[in-house]
Colleague: 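Here it is: the structure, laid out below.
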Amino acid sequence: MQEYIAKDGISKEILNSAKLLQAVEVNALILGESGVGKKSLAKYILPSSDVYEAKDLQKDIIDDVVVLQNRAIIIDKINEITNIDVFLKWIEDNSIRIIAISNTENLNQKLKDVFSINLEIPPLSKREDDTKALVSKFSHEASSILDMPLISQSKLIVNISNNTHSLRKSIYFSYLFETIGEHEILMFLEKYISENLHGENSYKELSYIFEVPLLKASTKKYKSQVQVAKHLGLNRITLRKKLEIYKELL
């Protein structure tokens, strides 16, 4: 059975609803941002069912090449269904039960009416305990796949800007970072800069690559602007200007 991490209260409520959906033959819609666990939840509800991409399924229905009857299926990106009437006739004629997935609530009303239950999964930014559990899961996964010892939680880079997609990537990067030295960092920077040298103002345009991480690390370590300015050897006016310039990246 597909694993769905549920440590936070809201996630436990969603999981309880999913357990009910295992026992009742109704259509359900799972909503949420990319990477919040929609497909994992769908597979938890229908562990033996196939997952169909909406666009591909619609094409197969129109071409009359899909042979499904009296089945329960998972449809990813249900919001990409455009020929609503053909699709609805197909599921009715063939007694198809649907667990559908969508990144958006902006669905055709006819399509919305198909679903008896909607489950909305919040982003990881609102699921602190789930995030901790996922960090642990991805850390053990990275340790095993990369054949490296577990690294301490304090060394893990945790990026949840794109939910589990960015989180898993950041955890793996944390492990790879343990093997990277100054030479490799300079090599990576040189490669990136070489590929982005354009125009006649490249020094100014690319200086953020050095300055932003330096400012972020210094702010995190020294807290106050007075101490940051002191340890970076900058006057406070210059520091404030740089913080204002890079505020969207800090």
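Values in this document were obtained by computation on a predicted structure and should not be read as measured data.
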Colleague: When rounded to the nearest 0.5 angstrom, what distance separates CD1 in Ile180 from CG in Leu186?
Modeller: 11.5 Å

Colleague: Does any part of the side chain of Ile75, heavy atoms only, come nearer than 4.5 Å to the side chain of Ile101, both counted from C-beta?
Modeller: no

Colleague: Quick one: pull up CD1 in Ile99 and CG in Leu46 and give me the separation to the nearest 0.5 Å.
Modeller: 5.0 Å

Colleague: Please assess Ile245 against Tyr208 for the test side chain to side chain contact (heavy atoms under 4.5 Å, CB included), listing each intermediate value before the final yes or no.
Modeller: CA-CA 9 Å; Ile245 290 170; Tyr208 77 93; over 6 Å; no

Colleague: Considering only residues two or more places apart or on different chains, which pairs with a residue in residues 79-99 satisfy salt bridge (charged side-chain N to carboxylate O under 4.0 Å, His left out)?
Modeller: Asp85-Lys110, Lys89-Asp93

Colleague: Shortest non-hydrogen contact from Ile96 to Asn70?
Modeller: CD1-N, 4.3 Å

Colleague: So, Asp76 and Lys38, do they make that salt bridge, N to O below 4.0 Å?
Modeller: no

Colleague: Side-chain contact, heavy-atom cut-off 4.5 Å: Arg71 with Asp50?
Modeller: yes

Colleague: Rounded to the nearest 0.5 Å, what's the gap from CZ on Phe115 to OG on Ser102? Could you check?
Modeller: 8.5 Å

Colleague: Are Tyr222 and Leu232 close enough that some pair of their side-chain heavy atoms sits under 4.5 Å apart?
Modeller: no

Colleague: State the CG-OG distance between Asn162 and Ser170, to the nearest 0.5 angstrom.
Modeller: 11.0 Å

Colleague: Using a cut-off of 6.0 Å, state whether more than 12 heavy atoms not belonging to Tyr246 lie near its atom OH.
Modeller: yes

Colleague: Please assess Ser34 against His165 for the test side chain to side chain contact (heavy atoms under 4.5 Å, CB included), listing each intermediate value before the final yes or no.
Modeller: CA-CA 8 Å; Ser34 176; His165 298 323; 3.1 Å; yes

Colleague: Does a side-chain N-to-carboxylate-O contact under 4.0 Å join Glu128 and Lys7?
Modeller: no

Colleague: Decide yes or no on side chain to side chain contact (heavy atoms under 4.5 Å, CB included) for Lys77 and Glu53, but give the supporting numbers first.
Modeller: CA-CA 7 Å; Lys77 301 182 182 69; Glu53 293 291 326; 3.5 Å; yes

Colleague: Closest approach of Lys19 and Tyr44, non-hydrogen atoms and distance?
Modeller: CE-OH, 3.1 Å

Colleague: Would you mind reporting whether Leu41 and Leu119 have side-chain heavy atoms less than 4.5 Å apart?
Modeller: yes

Colleague: Excluding sequence neighbours, so at least two apart, what forms side-chain hydrogen bond (donor to acceptor under 3.5 Å, both in side chains) with Asp129?
Modeller: none

Colleague: Residues sharing Leu156's hydrophobic cluster, by side-chain heavy-atom contacts under 4.5 Å among ILVMFWY, directly or via others?
Modeller: Ile5, Leu124, Leu134, Val135, Phe138, Ile145, Leu146, Met148, Leu150, Ile151, Val158, Ile160, Leu167, Ile171, Tyr172, Tyr175, Leu176

Colleague: Spell out, yes or no, whether Val114 and Ile45 are grouped together once hydrophobic residues are joined by side-chain heavy atoms under 4.5 Å, including indirect joins.
Modeller: no

Colleague: Can you confirm whether the side chains of Ser116 and Asn27 place a donor and an acceptor under 3.5 Å from each other?
Modeller: no

Colleague: Is there side-chain contact between Leu29 and Leu107, with heavy atoms separated by less than 4.5 Å?
Modeller: yes

Colleague: Above 12 or not: heavy atoms from other molecules or residues under 6.0 Å from CG of Asp63?
Modeller: yes

Colleague: Should Arg127 and Ser11 count as side-chain neighbours, where that means a heavy-atom distance under 4.5 Å?
Modeller: yes

Colleague: What I want to check is whether the side chains of Thr82 and Gln58 have a donor and an acceptor closer together than 3.5 Å.
Modeller: yes

Colleague: Does the pair Leu68 and Asn94 meet the rule for a side chain to side chain contact (heavy atoms under 4.5 Å, CB included), with working shown?
Modeller: CA-CA 7 Å; Leu68 288 173; Asn94 294 281; 5.8 Å; no

Colleague: Given the rule that I, L, V, M, F, W and Y join up when any side-chain heavy atoms are under 4.5 Å apart, are Ile78 and Ile74 in one cluster?
Modeller: no

Colleague: Membership question, hydrophobic clusters at under 4.5 Å side-chain separation (ILVMFWY): are Leu21 and Leu15 in the same one?
Modeller: yes

Colleague: Just verifying a value: how many Å separate Ile193 CD1 and Tyr203 OH, rounded to the nearest 0.5 Å?
Modeller: 10.0 Å

Colleague: If I compare all heavy atoms of Gly199 with all of Ser202, which pair ends up nearest, and what's the gap?
Modeller: O-OG, 4.1 Å

Colleague: State, without any angle test, whether Thr104 and Asn106 hold a side-chain donor-acceptor pair at a distance under 3.5 Å.
Modeller: no

Colleague: Measure from the side-chain N and O atoms of Ser207 to the backbone N and O of Lys204, and report whether any donor-acceptor pair falls under 3.5 Å.
Modeller: yes

Colleague: Glu33: what forms a side-chain hydrogen bond (donor to acceptor under 3.5 Å, both in side chains) with it, not counting sequence neighbours?
Modeller: Asn163

Colleague: Mind checking the CD-NZ spacing from Glu195 to Lys191? Nearest 0.5 Å is all I need.
Modeller: 3.5 Å

Colleague: If you count every heavy atom of other residues, nucleotides or ligands that lies below 6.0 Å from Phe177 atom CZ, does the total exceed 12?
Modeller: no

Colleague: Can you establish whether the number of heavy atoms outside Gln109 located under 6.0 Å from its atom CD is more than 12?
Modeller: yes

Colleague: Please go through Leu20's hydrophobic cluster and name the other residues, only I, L, V, M, F, W, Y counting, with side-chain heavy atoms under 4.5 Å joining them.
Modeller: none

Colleague: Backbone N or O of Glu13 within a donor-acceptor pair of the Ser17 side chain at under 3.5 Å?
Modeller: yes

Colleague: Quick check: are there more than 12 heavy atoms from other residues, nucleotides or ligands sitting under 6.0 Å from NE2 of His140?
Modeller: no

Colleague: Give me the atom names and distance for the closest heavy-atom approach of Ser218 to Val228.
Modeller: O-CG2, 3.6 Å

Colleague: Evaluate salt bridge (charged side-chain N to carboxylate O under 4.0 Å, His left out) for Lys112 paired with Glu105, printing each intermediate quantity in order.
Modeller: CA-CA 9 Å; Lys112 287 182 179 180; Glu105 296 181 23; over 6 Å; no

Colleague: Hydrophobic cluster mates of Val226, side-chain heavy atoms under 4.5 angstrom, ILVMFWY only, any path?
Modeller: none

Colleague: Would Leu249 end up clustered with Leu189 when hydrophobic side chains under 4.5 Å apart are linked, directly or stepwise?
Modeller: yes

Colleague: So that I can tick it off, tell me whether Glu244 and Arg240 are bridged by a salt bridge, with the cut-off set at under 4.0 angstrom between side-chain N and carboxylate O.
Modeller: no

Colleague: Closest approach of Ala72 and Ser49, non-hydrogen atoms and distance?
Modeller: O-OG, 2.8 Å

Colleague: Are the side chains of Phe87 and Leu111 in touch, meaning some heavy atoms are under 4.5 Å apart?
Modeller: yes

Colleague: Would you indicate whether the side-chain heavy atoms of Pro122 and Asp8 approach each other to under 4.5 Å?
Modeller: no

Colleague: I'd like to know if Arg168 and Glu141 make a salt bridge, using a cut-off of under 4.0 Å between side-chain N and carboxylate O.
Modeller: yes

Colleague: What's the shortest heavy-atom distance between Tyr4 and Ser40, and which atoms?
Modeller: CD1-CB, 4.4 Å

Colleague: Membership question, hydrophobic clusters at under 4.5 Å side-chain separation (ILVMFWY): are Leu31 and Ile73 in the same one?
Modeller: yes

